[in-house]
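Reviewing the structure listed below.
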Amino acid sequence: MKIQQNMSLMQKLSILADAAKYDVACTSSGVDRKGDGKNMGNCLSSGLCHAFAADGRCVSLLKILFTNECIFNCAYCQNNCNSDVERASFTPDEVCDLTMEFYRRNYIEGLFLSSGILISPNYTMDLIYQTLYKLRNVHHFNGYIHVKAIPGADPALIEKAGYLADRMSVNLELPTADGLKKLAPYKSRNTILKPMRQIQNGIVENRNELTVYRQSPRFVPAGQSTQMIIGATPESDYQIMSVADALYRNFGLKRVFYSAFTNVNHNSNLPVLPGGPPLLREHRLYQADWLLRYYQFQVDELLSEDRPDFNIYLDPKCDWALRHLERFPVEINRADYHTLLRVPGIGYKSAKRIVDARRQNRLDFPDLKKIGVVLKRALYFITCSGKMMYNTRLEEDYICSALMSDRTQIPREIRESSYRQISLFDTGMPFSSVSEQREIILS
């Protein structure tokens with residue numbers, strides 16, 4: 001095994017935890033697996049513990065690279081083969097020891113394991129497989145594991161890892177093949193999509209097997225995800241969302257993550273970012289992503305070739321509503337569920353609560369507040385029993401001005417811009433769960 005042994009485990013952890021901060025893992029596990037009295041740990045679908053990283057991303061607490069060695073020279077990556085960074089690599093046993101010790105101390109609920117490419121894709125994927133095998137079968141770790149599949153690795157290795165992991169992901173890296181060719185010429189879109197398709201097919205085949213043989217091992221039960229870097233190449237929001245929509249439809253992905261580009265290498269092929277990473281743009285893309293997956297919107301409703309980018313000052317749902325005032329106001333006591341989903345301030349949970357509650361009584365504005373409707377946004381677009389909450393003009397400029405005065409249109413983390421990278425070595429680390437934030441952020 002070609003891994004240097006001249007570092008302590010804590011030195012490696014310090015380097016490889018920091019090196020993993022640009023891999024996005026802000027997701028709930030999606031898997032329930034109860035403790036069985038014999039194995040160590042369990043896995044809850046409500047999700048992992050998270051901390052907020054320096055640039056606003058929500059990251060899982062034990063999120064590490066297996067190695068930051070890499071044979072590739074991707075212009076945007078701080079760990080590329082030409083970067084002057086301190087290098088380190090774990091052994092499978094070291095990752096297992098860290099995971100178990102942090103779990104026993106209740107610091108983590110699972111493991112997110114990504115990696116640079118050490119020697120070759122096959123060599124690296126085999127080390128990752130060995131790690132997962134030992135965690136599951138030697139240490140009997142029953143918690144959540146999210147692991148990166150290495151493009152170019154033997155499909156047999158990816159398959160074996162898939163029966164040990166809860167979620168797998170293959171990074172798309174950049175939204176288009178042209179961007180990939182320019183900034184990561186040693187990678188190809190075909191090489192990336194091939195394992196993504198393999199994982200999709202494996203999930204479907206395994207699901208069919210489980211309907212016949214209930215005791216069959218589960219293959220990637222929490223599904224797969226991917227990540228795109230936003231802002232390193234000149235794609236529009238329309239192009240990015242079209243790619244994401246195609247991935248959801250054609251590859252059955254659970255999540256597409258958007259990572260605001262951070263210029264760590266100052267390569268001449270990379271854009272200059274005088275205002276820092278485009279975090280607000282990233283935030284709008286996430287909001288639009290939720291509109292596609294949970295609010296029954298289509299990409300062409302939100303953007304077009306003539307209007308290819310989101311309004312940075314308003315969330316995409318408010319922006320859409322302002323451009324379609326002919327559909328408003330909506331009568332709360334009569335509108336169907338699909339129509340309620342289109343109203344700013346009404347999330348998919350509160351829309352269902354409205355439909356259920358009005359079967360018993362007619363609803364008024366105080367009732368909506370109790371249900372969870374964000375009235376400071378919804379009040380411009382709804383009526384209760386034919387009346388608006390206030391004497392409000394249904395005019396685009398008037399409503400736009402009122403919405404833009406709402407400070408929550410821009411996330412607090414971005415408004416304050418007071419970031420500090422969370423470290424596993426901090427004392428009194430702030431913890432945060434993202435499982436209940438989804439509807440609030442978007443509605």
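Quick note: residue numbers are just sequence positions, from 1.
The two residues F365 and I382 make their nearest non-hydrogen contact at CE2-CD1, 3.8 Å. Across all their heavy atoms, N333 and S385 have their closest contact at ND2-N, 3.6 Å. Shortest non-hydrogen contact noted between L65 and L113 is C-CD1, 4.3 Å. Listed here is the closest heavy atom pair of M168 and A149: CE-CB, 3.7 Å. Between L403 and F381 the shortest heavy-atom distance is CD1-CZ, 4.3 Å. Looking at every heavy atom in both residues, N206 comes nearest to P217 through ND2-O, 2.7 Å.
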Legend entry - side chain to side chain contact (heavy atoms under 4.5 Å, CB included) between F66 and T124, worked out: CA-CA 9 Å; F66 190 93; T124 306; 5.7 Å; no
Inset, instruction - Using the side chain to side chain contact (heavy atoms under 4.5 Å, CB included) rule, take Y129 and E159 through it: C-alpha gap first, then chi angles, then the decisive distance, then the call. - result: CA-CA 10 Å; Y129 165 70; E159 181 181 12; over 6 Å; no
Inset, instruction - Mind running side chain to side chain contact (heavy atoms under 4.5 Å, CB included) on C400 and L322 for me, showing each step along the way? - result: CA-CA 7 Å; C400 182; L322 283 174; 3.8 Å; yes
Inset, instruction - Go through D289 and R293 one step at a time and tell me if the side chain to side chain contact (heavy atoms under 4.5 Å, CB included) criterion holds. - result: CA-CA 6 Å; D289 189 273; R293 291 188 296 127; 2.7 Å; yes
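Between I128 atom CD1 and L164 atom CG the span is 12.5 Å, to the nearest 0.5 Å. Note that OG1 of T67 is 8.5 Å distant from CG of N79, once rounded to the nearest 0.5 Å. The distance from atom CD1 of I64 to atom CG of L98, rounded to the nearest 0.5 Å, is 6.0 Å. K387 contributes atom NZ, which lies 12.5 Å from atom CG of N391 (distance to the nearest 0.5 angstrom). Note that CG of N361 and CZ of R358 are 13.0 Å apart. Values are rounded to the nearest 0.5 Å. In this structure, OG on S259 lies 11.5 Å from CG on L285, to the nearest 0.5 angstrom.
The environment of R334 atom CZ is sparse: at most 12 non-hydrogen atoms of other residues, nucleotides or ligands sit within 6.0 angstrom. The local environment of OH in Y186 is sparse, with at most 12 non-hydrogen atoms from other residues, nucleotides or ligands closer than 6.0 Å. Environment of OH in Y398: crowded, with over 12 heavy atoms of neighbouring residues, nucleotides or ligands closer than 6.0 Å.
At least one side-chain heavy atom of R167 sits under 4.5 Å from a side-chain heavy atom of Y144. Taking 4.5 Å as the limit, every side-chain heavy atom of L193 sits out of range of all side-chain heavy atoms of V170. Using a 4.5 Å cut-off on side-chain heavy atoms (C-beta onward), T226 and I192 make no contact. Counting heavy atoms from C-beta outward, R281 and Y258 have side chains that stay 4.5 Å or more apart. Contact check for F72 versus I117: side-chain heavy atoms found under the 4.5 Å cut-off. Contact of the D237 side chain with the P308 side chain is not registered, since no non-hydrogen atoms from C-beta on lie closer than 4.5 Å. Counting only heavy atoms from C-beta outward, the side chains of L303 and R307 approach each other to under 4.5 Å. Side-chain contact between R104 and M100 is present, with at least one heavy-atom pair separated by less than 4.5 Å.
N80 places a side-chain N or O within 3.5 Å of a backbone atom of C74 that can act as its donor or acceptor partner. Between the N250 side chain and the L247 main chain, no donor and acceptor come within less than 3.5 Å of each other. Between the side chain of R105 and the backbone N or O of E101, at least one donor-acceptor pair lies under 3.5 Å. Judged purely by atom type and a 3.5 angstrom limit, Y295 uses its side chain to pair as donor or acceptor with the backbone of Y348. Although no hydrogens or angles enter the test, the distance criterion places a donor-acceptor pair under 3.5 Å between the side chain of K317 and the main chain of I346. No donor-acceptor distance shorter than 3.5 angstrom exists from the side chain of Q298 to the backbone of L292, with no hydrogens or angles considered. Formation of a donor-acceptor pair under 3.5 Å by the N265 side chain with backbone atoms of C77 is found in this model. One N or O on the side chain of N311 and one on the backbone of Y313 form a donor-acceptor pair closer than 3.5 Å.
Stacking of R284 on the aromatic ring of F310 is not recorded, the 6.0 Å distance cut-off and the 45° axial limit not both being met. Both cation-pi conditions hold for R197 and F251: the charged atom is under 6.0 angstrom from the six-membered ring centre and inside a 45 degree cone around its axis.
Contact check on D406 versus K376 returns a salt bridge, with a Lys/Arg side-chain nitrogen under 4.0 Å from an Asp/Glu carboxylate oxygen. Salt bridge R377/D319: absent, no basic N to carboxylate O contact under 4.0 Å.
Screening H324, Q296, E301 against R342 for a side-chain hydrogen bond (donor to acceptor under 3.5 Å, both in side chains) leaves a single residue, E301. Just one residue in the list H146, K254, Q224, Q227 forms a side-chain hydrogen bond (donor to acceptor under 3.5 Å, both in side chains) with S169, and that residue is H146. Under the side-chain hydrogen bond (donor to acceptor under 3.5 Å, both in side chains) rule, T176 has a single partner from E235, K181, R189, which is E235.
No donor-acceptor contact under 3.5 angstrom links the side chains of S242 and D245, judged on distance only. Side chains of N269 and Y76: a donor-acceptor N/O pair is absent below 3.5 angstrom, by distance only. Y238 and D300 share a side-chain donor-acceptor pair at under 3.5 Å. For the residue pair D336/T339, the side-chain donor-acceptor check at 3.5 Å is satisfied.
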